[in-house]
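One-based numbering along the sequence shown. The figures that follow rest on heavy atoms only: side chains count, while hydrogens, waters and symmetry mates do not.
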Amino acid sequence: MPSSALAATAVAAVLALTATACGPEEDNAGGTPSASAGQSDGKITIPDDLKNRLKEHGIDPDKWRDGEWKNWDKDKWLREAKDFVNPIIEDLWDPDRMREADKPPENPVDNDISGDDGVTDPTPAPVRAAGVATPYHDNAPESGKLLFDGPKGSMVCSATVVKDPANPGKSNMVWTAGHCVHAGKEGGWYRNIAFVPAYNNDGLSLAELETAPKEKIAPYGLWWGQWAQTSEQWIEQGAATGGQGAPYDFAVLHVTPEKGSGGKSLEETVGSALPVEFNAPAVPKIAEMTATGYPAAPPYDGQQLLRCKDKPGRLSVFREQPTMYRIGCTMTGGSSGGGWVAAGQDGKPALVSNTSIGPVTAGWLAGPRLGKEAEGIYRAVSEKYAGR
């Protein structure tokens with residue numbers, strides 16, 4: 001899925017879908033993180049359960065701090081659901097590394113889809129993405145940026161704080177796309193996955209961010225993924241191009257603060273979390289959906305939070321798979337995983353989908369309709385940390 005080709009080609013407007021918005025940091029040779037990563041003091045918190053899982057895969061936990069996490073063997077991906085490991089590397093995501101992780105991979109789908117594979121509405125007209133008013137926290141407190149490492153380097157997606165049924169008012173759960181945590185059928189779990197709520201809260205320019213302190217870039221701290229779960233369909237079918245697995249392209253993370261949060265949960269820290277609707281109204285009954293994210297492919301640079309509002313249509317990529325939502329939107333790679341919000345069955349705003357795929361021309365976005373599979377993953381992550 002990740003590719004270093006995009007930044008060097010004219011396909012920069014490609015929406016890295018099915019990895020839409022994941023983007024490798026390509027300025028350094030060999031696919032390892034940029035030099036700024038060397039500023040990390042290498043402190044790693046590895047609970048015993050993570051140590052055991054690392055050992056099961058032939059990884060020496062003591063060597064992890066010496067750079068073991070940078071060594072990738074594509075034939076030895078940590079792949080299955082039970083394989084997820086993501087020990088905290090304190091200060092790895094410093095301001096330079098967070099700012100520079102902004103390049104989406106080449107991952108287009110066809111500009112238009114005829115509908116031969118199922119129910120597909122006409123291609124929507126592009127809707128120009130608008131900037132979220134600053135400070136972002138006042139207008140989209142649940143939104144944030146997801147950072148992670150793949151074989152090609154540092155990458156980015158978008159994500160959303162969601163409610164935790166097992167811990168009301170104290171959620172540490174984040175919703176994103178499956179391809180933002182797992183490479184699909186040809187790969188496995190990404191590494192060093194961390195969530196930054198209200199990333200660049202004041203909407204500073206790239207030039208201003210070059211001298212901004214970490215508190216400006218990550219005002220509510222950095223939250224590392226303790227656990228990630230995506231659909232078995234994504235793991236078995238997900239691919240970098242063509243939309244394979246896209247109707248099941250969703251994931252849930254349980255996160256923990258890199259440094260102390262005063263005992264507060266993520267929800268308490270940002271002051272909000274969205275409910276998730278697994279039985280959203282049918283497309284004809286939805287007046288409007290809002291997709292939010294941090295697009296990173298040109299003409300955007302991944303530093304500002306944008307959103308699109310449109311009445312959704314239906315998109316069927318494969319006849320045997322569920323129909324997806326589709327809206328007009330000019331957001332590009334980097335927006336993947338960002339939440340789609342609409343009125344739920346109770347009429348109140350709820351997360352009903354996430355950005356998954358889009359075309360080379362970046363004129364529309366599509367996201368999965370959340371059903372039983374998505375609800376099962378959501379509740380499994382919630383129950384895993386119930387009472388903790």
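- Among residues two or more places apart in sequence or in another chain, the side-chain contact (heavy atoms from CB on, under 4.5 Å) test is passed with Ala374 by Trp175, Phe250, Phe278, Leu370.
- Remark: the Gln321 side chain and the Gln233 side chain contain no N/O donor-acceptor pair separated by less than 3.5 Å.
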Check residues 202-213 and write down every donor-acceptor pair under 3.5 Å in which the side-chain atom is one partner and the other belongs to a residue at least two apart or another chain.
from, atom 1, to, atom 2, distance (Å)
Asp202, OD2, Lys216, NZ, 2.8
Ser205, OG, Glu208, N, 3.1
Ser205, OG, Glu208, OE1, 3.3
Glu208, OE1, Ser205, N, 2.8
Thr211, OG1, Glu208, O, 3.4

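- Nearest heavy atoms, Glu236 versus Lys185: O-CB, 3.2 Å.
- Counting all heavy atoms, side chain and backbone alike, Gly339 lies closest to Leu351 at CA-CD1, 3.9 Å.
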Q | Stepwise side chain to side chain donor-acceptor pair (under 3.5 Å) test for Ser336 and His179 | A | CA-CA 8 Å; Ser336 240; His179 73 257; 2.6 Å; yes
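- With values rounded to the nearest 0.5 angstrom, Leu253 atom CG is found 9.5 Å from Met173 atom CE.
- Scanning both residues, Ala177 and Ala251, for their nearest heavy atoms gives O-CB, 3.7 Å.
- Between the side chain of His254 and the backbone N or O of Ser382 there is no donor-acceptor pair closer than 3.5 Å.
- Sorted by first and then second residue, the salt bridge (charged side-chain N to carboxylate O under 4.0 Å, His left out) pairs involving residues 303-316 (not counting sequence neighbours) are Asp121-Arg314.
- Using a 30° and 60° split on the angle between ring planes, Tyr136 and Tyr294 fall in the perpendicular class, above 60°.
- Proximity of Ile357 to Leu365: side-chain heavy atoms (C-beta onward) are nowhere separated by under 4.5 Å.
- Under the 4.0 Å criterion applied to side-chain N and carboxylate O atoms, Arg97 and Asp94 are not assigned as salt-bridge partners.
- Asp149 and Ser154 form a side-chain donor-acceptor contact under 3.5 Å, judged by distance and modelled atom types alone.
- Of all heavy-atom pairs between Met331 and Tyr300, the closest is CA-CE1, 4.1 Å.
- Side-chain contact check for Thr290 versus Trp340: every heavy-atom pair is 4.5 Å or farther apart.
- A search for ring-ring contact (aromatic ring centres under 6.0 Å, His included) contacts involving Tyr220 returns His137, not counting sequence neighbours.
- Side chain of Asn86 to backbone of Gly225: a donor-acceptor contact under 3.5 angstrom is found.
- Remark: Tyr325 OH to Met289 CE distance equals 4.0 Å, nearest 0.5 Å.
- Within the 3.5 Å criterion, the main-chain N or O of Pro368 finds a donor-acceptor partner in the side chain of Ser353.
- Salt bridge present: Lys259 and Asp91 bring a charged side-chain N and a carboxylate O closer than 4.0 Å.
- The OG atom of Ser158 sits 7.5 Å away from atom CG of Leu305, with the distance rounded to the nearest 0.5 Å.
- Tyr248 meets the ring-ring contact (aromatic ring centres under 6.0 Å, His included) test with no other residue; sequence neighbours excluded.
- Under the rule for a side chain to side chain donor-acceptor pair (under 3.5 Å), Gln304 has no partner lying at least two apart in sequence or in another chain.
- Looking at Ser272 and Glu142, their side chains do bring a donor and an acceptor atom within 3.5 Å of each other.
- Interatomic distance, Thr256 OG1 to Phe195 CZ, rounded to the nearest 0.5 Å: 14.0 Å.
- The two residues Lys145 and Met98 come nearest to each other via the heavy atoms NZ-O, 4.4 Å.
- When the options Pro257, Pro197, Ser171 are evaluated for a side-chain contact (heavy atoms from CB on, under 4.5 Å) with Leu266, the one that passes is Pro197.
- Relative ring orientation between Trp77 and Tyr190 is described as perpendicular, the plane-to-plane angle rising above 60° on a 0-90° scale split at 30° and 60°.
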